[in-house]
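Everything below concerns the one structure shown next.
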Amino acid sequence: MPKLTIDGMEIEVQSGLTVLQACEQAGVEIPRFCYHERLSIAGNCRMCLVEMERAPKPVASCAMPVGDGMVIKTNTETVKKARKGVMEFLLINHPLDCPICDQGGECDLQDQSIAFGFDHSRYSENKRAVPDKDFGPLISTSMTRCIHCTRCVRFSTEIGGVEELGLVNRGEHAEISTYVSRAISTELSGNMIDLCPVGALTSKPYAYVGRSWELKKTESIDVMDAVGTNIRVDARGGEVLRILPRLHEDVNEEWLSDKGRFSCDGLKKQRLDRPYVRGKDGKLKPSTWQDALTVVAEKIKASNSERLAAIAGDLCDAESMLALKGVMQSQECKNIDCRQDGSKLGHGPRSSYLFNSGISGIDEADAVLIIGSNVRWEAPIINARLRKRYLQAETFSAASIGPNWDPNFACDMIGAGPDAINDIAAGRHPFNDVLRNAKNPMIIMGAHIFARQDGKALLGMLKGLAEATGVVKDGWNGFNILHSAASRVGGLDLGFLPESGGKDTCGIIEACEKGEIDLVYLLGADEIDFDRLGNAAVIYQGHHGDKAAHRADVILPGAAYTEKDGTYVNTEGRVQLARAAAFPPGEAKEDWKILRALSSALGKDLPYNDLGSLRQNMVAQNSIFQAIDSLESPVWGDFGTKDDFLLEPFEPAIENYYMTDPISRASETMAACTESFVLPQQGKTGTDG
């Protein structure tokens, strides 16, 4: 390992690092604009200049590899003069519009001009102006502010996988632009706003809404998918204004999907803020909490246990599911399910429904078989990680079975349904050899495929394929289920499943259709077929006036994920805590508190009165809830069946990435994205719906 001297300090660093990285390890701050540790090196802003012994002029530390015996000086008069000169050049054409710029208060150019620049300029020439570009409904542009760091270009090409941005023209006429006038079509485009060191790219929905110092910042978890992306919720008063990513190397690195970032305006639309009870005239009418809970309790008491059912939706926290399970158990009801899509997962060991390698395990994989999943839509962060592995690995093979999709990395489409899996398992397809010869092979299965009638048979066949091809072996488990529902793994860990003799989601809906169920309690469940519920009474506890609220006989307004402290378990089995950033609107309350009050109305109180006691009960149900933000290696066991499977091709799990839940369906921003990105692909216009 090379040794070098930085400002008189001798330091030993790993070979292959740059001088800038070595300076950071030594605790020396080096200003930069174009350099970013997750992007390729551009070396075009020249702000990171340092002196190197025996070099005729200052060197760009971001592009200079370390060498043994180097002597680096970062704080000499020459370096200071060079940095001031660079800053002066950068500000020649930069407009003086900081008071109206959304980047104000969190702008790298502001900070570094104060720390490393002049207090005046020697240039009085007219500043040039650059036309703004249309990057779509998410990103607002002010290209006159651009300093040509090319971070956005490198992100869209390397991380986003869409080569739509570039630096065109030369010299004074250079500008960042799309090659063809179009919106940026990656599901990670909002990250370019974070990367931009000036105000050239800002959030279009957040434009002129607030300043960073006005906002209350709360660390939480994104629930728009099952990745468990770490986020920061910025709120002012009782209103969530924006959502930004937090660093978590093992989950989302520092990225956030567009739906998780921009759908927060849906938290203000179509909210349920008071209880409603359907009257004799068939219309929903406002009610008090006491009256609404009394009506629900009477309806539950009027039904016997076999004619009651409960379904939990995709955005539920673990606390509310445990409370609902407790209420149903107090009524001896066995018909409960957290799998509103009808999935057959959850009856085996924990390894049968987890992303067992962990999301960071993708960094070690050298062969991936994707089955029945559009990873780019179901988990954009995981798709970006697969692309990263594809770009960095010397050898990486990927194939997909299922509907056609654009993965943004080299991936062969080798089949549409289970027959292709059977060919690989039987050794009739060359990808069998790819998996067998790989050091760390991986199978990624969309959880949606197990909602088919042959879900258990598919699970058994894929288990056999994994064992036969070395996907599961000592020290490595690449058998990965990719969930798209944030609540799913937590619900399975809590056993929110039908007990012996009970009905699952499909059985509940079928029984409602036949008149065998009197009452269905829906905890945020909006994705079931409401036309098949027959005459069953529907109790809906949720936060948006979405599909279920229109069918409900009683509405109990709950809190959205930004308005309550909750526990979520992501697709890899990592337990994480979301925290309240705002208060629920109107009379809405936290979900577990509603269910605790309902248990009192039923005369069978749940054994906890506060969040701490509730979480102790969660740990008693399953000890994994005790280990926050950690992964354990689940035991590999027996699961699935050896029944015959159907030959029908796999159907896509998501038809529209931008509208998958009540929050995103209420979002005007997501509606604009649907009109810009989804409808044109489907050959529709905004008026076609």
Side-chain angles (χ1 to χ4, degrees), residues 32-36 38-47 62-63 86 89-98 100-103 107-109 125-208 255 258 261-262 376 380 384 387 391 406 408 669 672-673 675-681:
R32 84 293 296 269
F33 289 114
C34 68
Y35 173 79
H36 191 277
R38 301 190 195 279
L39 303 176
S40 60
I41 294 172
N44 54 9
C45 79
R46 319 311 287 179
M47 194 64 201
C62 71
V86 170
F89 279 126
L90 288 176
L91 294 175
I92 287 176
N93 287 311
H94 195 81
L96 300 176
D97 59 357
C98 296
I100 65 163
C101 177
D102 275 327
Q103 198 83 351
C107 175
D108 292 348
L109 188 62
E125 288 80 8
N126 291 331
K127 295 178 181 288
R128 75 164 190 166
V130 180
D132 293 339
K133 309 296 189 297
D134 183 7
F135 283 1
L138 303 178
I139 300 176
S140 177
T141 62
S142 183
M143 303 311 292
T144 302
R145 301 172 186 159
C146 180
I147 62 171
H148 303 154
C149 69
T150 68
R151 281 186 179 183
C152 56
V153 175
R154 285 173 284 150
F155 175 86
S156 64
T157 302
E158 298 165 14
I159 310 295
V162 291
E163 298 182 359
E164 296 173 349
L165 277 180
L167 185 69
V168 299
N169 302 326
R170 302 282 290 178
E172 187 181 2
H173 302 290
E175 58 184 87
I176 301 291
S177 177
T178 52
Y179 298 113
V180 178
S181 181
R182 57 179 297 180
I184 307 299
S185 61
T186 170
E187 295 76 22
L188 299 168
S189 64
N191 294 288
M192 292 193 290
I193 298 170
D194 298 336
L195 289 173
C196 183
V198 296
L201 305 181
T202 55
S203 171
K204 187 172 285 188
Y206 182 67
Y208 309 118
W255 313 128
D258 285 348
R261 182 188 297 265
F262 293 108
R376 182 171 169 180
R387 176 172 171 79
L391 293 175
D406 180 9
N408 288 346
T669 305
C673 289
E675 189 168 356
S676 294
F677 301 116
V678 179
L679 296 183
Q681 293 180 6

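Because the structure is a prediction, the values reported are computed rather than measured.
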Worksheet item: Should we say atom CG of Asn126 is surrounded by more than 12 heavy atoms from elsewhere, each under 6.0 Å from it?
Response: no

Practice prompt. Write down the atom of Cys45, the atom of Cys34, and the distance for their closest heavy-atom approach.
Written response: SG-N, 3.5 Å

Worksheet item: For Glu164 and Ser156, what are the C-alpha separation, side-chain angles and deciding distance, and is it a side-chain contact (heavy atoms from CB on, under 4.5 Å)?
Response: CA-CA 7 Å; Glu164 296 173 349; Ser156 64; 5.9 Å; no

Discussion item. Closer than 3.5 angstrom, by distance alone: can the side chain of Arg154 be matched with the main-chain N or O of Ser40 as a donor-acceptor pair?
Written reply: yes

Worksheet item: Can any side-chain N or O of Arg145 pair as donor or acceptor with the backbone N or O of Val198 at less than 3.5 Å?
Response: no

Worksheet item: In Å, rounded to the nearest 0.5 Å, how long is the span from CD1 of Ile147 to CZ of Phe89?
Response: 14.5 Å

Worksheet item: Just wondering, do Cys152 and Leu201 contact through their side chains at under 4.5 Å, heavy atoms?
Response: yes

Worksheet item: Okay, side chain of His36, backbone of Arg151: is any donor-acceptor separation there less than 3.5 Å?
Response: no

Worksheet item: For Asp132 and Ser142, which heavy atoms make the closest approach, and how far apart are they?
Response: OD1-CA, 3.2 Å

Item to complete: For the pair Thr157 and Leu165, evaluate side-chain contact (heavy atoms from CB on, under 4.5 Å) and give the outcome as yes or no after the intermediate values.
Response: CA-CA 8 Å; Thr157 302; Leu165 277 180; over 6 Å; no

Worksheet entry | Separation between SG of Cys149 and OH of Tyr35, rounded to the nearest 0.5 Å | 14.0 Å

Worksheet item: Looking at Ala183 and Phe677, what are the two nearest heavy atoms and their distance?
Response: CB-CE2, 3.5 Å

Discussion item. Measuring from atom CD1 of Ile41 to atom CG of Asn44, what distance do you get when rounded to the nearest 0.5 angstrom?
Written reply: 11.5 Å

Discussion item. Keeping Thr141 on the side-chain end and Met143 on the backbone end, is there a donor-acceptor pair under 3.5 Å?
Written reply: no

Item to complete: Would you name the heavy atoms of Lys127 and His94 that are closest together and state the gap between them?
Response: NZ-O, 2.9 Å

Worksheet entry | Minimum side-chain heavy-atom gap Arg376-Asp406 below 4.5 Å | yes

Response to the item:
Nearest heavy-atom approach of Arg38 to Trp255 is CD-CZ2, 3.5 Å

Item to complete: Taking Gln103 for its side chain and Cys196 for its backbone only, find out whether a donor-acceptor pair lies under 3.5 Å.
Response: yes

Would you be so kind as to tabulate the donor-acceptor pairs closer than 3.5 Å made by side chains of residues 133-140, with sequence neighbours excluded?
| from | atom 1 | to | atom 2 | distance (Å) |
| --- | --- | --- | --- | --- |
| Lys133 | NZ | Pro131 | O | 2.9 |
| Lys133 | NZ | Glu175 | OE2 | 2.6 |
| Asp134 | OD1 | Gly136 | N | 3.0 |

Worksheet item: Just wondering, do Ile184 and Thr178 contact through their side chains at under 4.5 Å, heavy atoms?
Response: yes

Practice prompt. Applying side-chain contact (heavy atoms from CB on, under 4.5 Å), run through Leu39 and Ile159 and close with a yes or a no.
Written response: CA-CA 8 Å; Leu39 303 176; Ile159 310 295; 4.0 Å; yes

Practice prompt. Considering non-hydrogen atoms only, spot the tightest contact between Asn408 and Gly160 and give its length.
Written response: ND2-O, 2.8 Å

Item to complete: Working to the nearest 0.5 Å, report the span between CG of Leu188 and CZ of Arg261.
Response: 9.0 Å

Discussion item. side-chain contact (heavy atoms from CB on, under 4.5 Å), that's the test. Do Phe33 and Leu90 meet it? Break it down for me.
Written reply: CA-CA 11 Å; Phe33 289 114; Leu90 288 176; 3.5 Å; yes

